[in-house]
Amino acid sequence: MKLRITPLNFATTFFMVAAVYIWINGAAIAGRPIETWSGTIGWIFMLFAAVVFFMDLMFRNFFAELKKLWIIELCVIALIAVMFFMVR
């Protein structure tokens, strides 16, 4: 099996690192720690990591060429970021 690095691999890694960081150091919003929600927020980031990992596997099955895979995944990440900032 070939090891292919893709943008969604980086996103999955980011979500997993963020979850572990929150579990270790706790979550804080505006400087105030949130002791009771740190575990929940960590699990939500792990759920995000699982969803992004599944999306990466689906895209790998649909697009065999690595260049097209990178373009499609970067477009998906950009689309999600735009939707996030529009809702926010």
Side-chain angles (χ1 to χ4, degrees):
M1 185 165 105
K2 243 183 179 179
L3 176 66
R4 296 191 297 180
I5 303 297
T6 61
L8 289 180
N9 285 352
F10 293 119
T12 302
T13 304
F14 168 76
F15 285 131
M16 292 178 81
V17 168
V20 170
Y21 178 81
I22 288 172
W23 277 325
I24 292 172
N25 294 324
I29 296 176
R32 290 187 351 197
I34 305 173
E35 291 87 13
T36 58
W37 286 94
S38 294
T40 305
I41 294 171
W43 281 111
I44 289 172
F45 274 105
M46 289 302 280
L47 176 67
F48 287 164
V51 169
V52 170
F53 178 73
F54 182 71
M55 284 176 46
D56 185 40
L57 289 178
M58 286 182 14
F59 284 139
R60 284 175 189 244
N61 287 332
F62 287 126
F63 304 102
E65 189 178 327
L66 190 60
K67 184 177 179 180
K68 286 183 183 179
L69 182 65
W70 266 79
I71 292 171
I72 295 298
E73 288 187 2
L74 285 173
C75 289
V76 166
I77 290 172
L79 177 68
I80 291 171
V82 166
M83 288 189 316
F84 172 77
F85 287 121
M86 287 178 68
V87 170
R88 192 167 186 220

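Keep in mind that the numbers below use all heavy atoms, side chains included, and drop hydrogens, waters and symmetry copies.
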(request) Treating Ile, Leu, Val, Met, Phe, Trp and Tyr as nodes and any side-chain heavy-atom pair under 4.5 angstrom as an edge, say whether F62 and I77 lie in one connected cluster. (result) yes

(message) Is there a continuous path of hydrophobic side-chain contacts, each under 4.5 Å between heavy atoms, that joins L8 to I44?
(response) yes

(request) Report the distance from atom CZ of R60 to atom CG of L66, rounding to the nearest 0.5 Å. (result) 8.5 Å

(message) If I take atom CG from residue L57 and atom OG1 from residue T12, how far apart are they, to the nearest 0.5 angstrom?
(response) 9.0 Å

(message) What's the separation between atom CG in L79 and atom CG in L74, rounded to the nearest 0.5 Å?
(response) 12.5 Å

(request) Enter the distance from N9:CG to F14:CZ here, rounded to the nearest 0.5 Å. (result) 15.0 Å

(request) Report yes or no: do F63 and V52 belong to one cluster of Ile/Leu/Val/Met/Phe/Trp/Tyr joined by side chain heavy-atom distances under 4.5 Å? (result) yes

(request) Compute the centroid of each ring, for W23 and then for W43, and state whether the two points are separated by less than 6.0 Å. (result) yes

(request) Can you establish whether the number of heavy atoms outside M16 located under 6.0 Å from its atom CE is more than 12? (result) no

(request) Look at the side-chain heavy atoms of Ile, Leu, Val, Met, Phe, Trp and Tyr, link any pair under 4.5 Å apart, and say whether V51 and I41 land in one connected group. (result) yes

(request) Drop me the distance from I5's CD1 to L69's CG, to the nearest 0.5 angstrom. (result) 11.5 Å

(request) Group every Ile, Leu, Val, Met, Phe, Trp and Tyr by side-chain heavy-atom contacts under 4.5 Å, then state whether W37 and I22 land in the same group. (result) yes

(request) Could you pull out the closest heavy-atom pair between S38 and G26, with the gap in Å? (result) OG-CA, 3.4 Å

(message) Please determine whether the number of non-hydrogen atoms from other residues, nucleotides or ligands lying under 6.0 Å from atom CE of M83 exceeds 12.
(response) yes

(request) Return the orientation label for the F45 and F48 ring planes: parallel under 30°, perpendicular over 60°, tilted otherwise. (result) perpendicular

(request) Output the distance between atom CZ (R4) and atom CG (D56), rounded to the nearest 0.5 Å. (result) 8.5 Å

(message) Quick check: do F59 and V76 have side-chain heavy atoms less than 4.5 Å from each other?
(response) yes

(message) Give me the atom names and distance for the closest heavy-atom approach of G42 to A19.
(response) O-CB, 3.4 Å

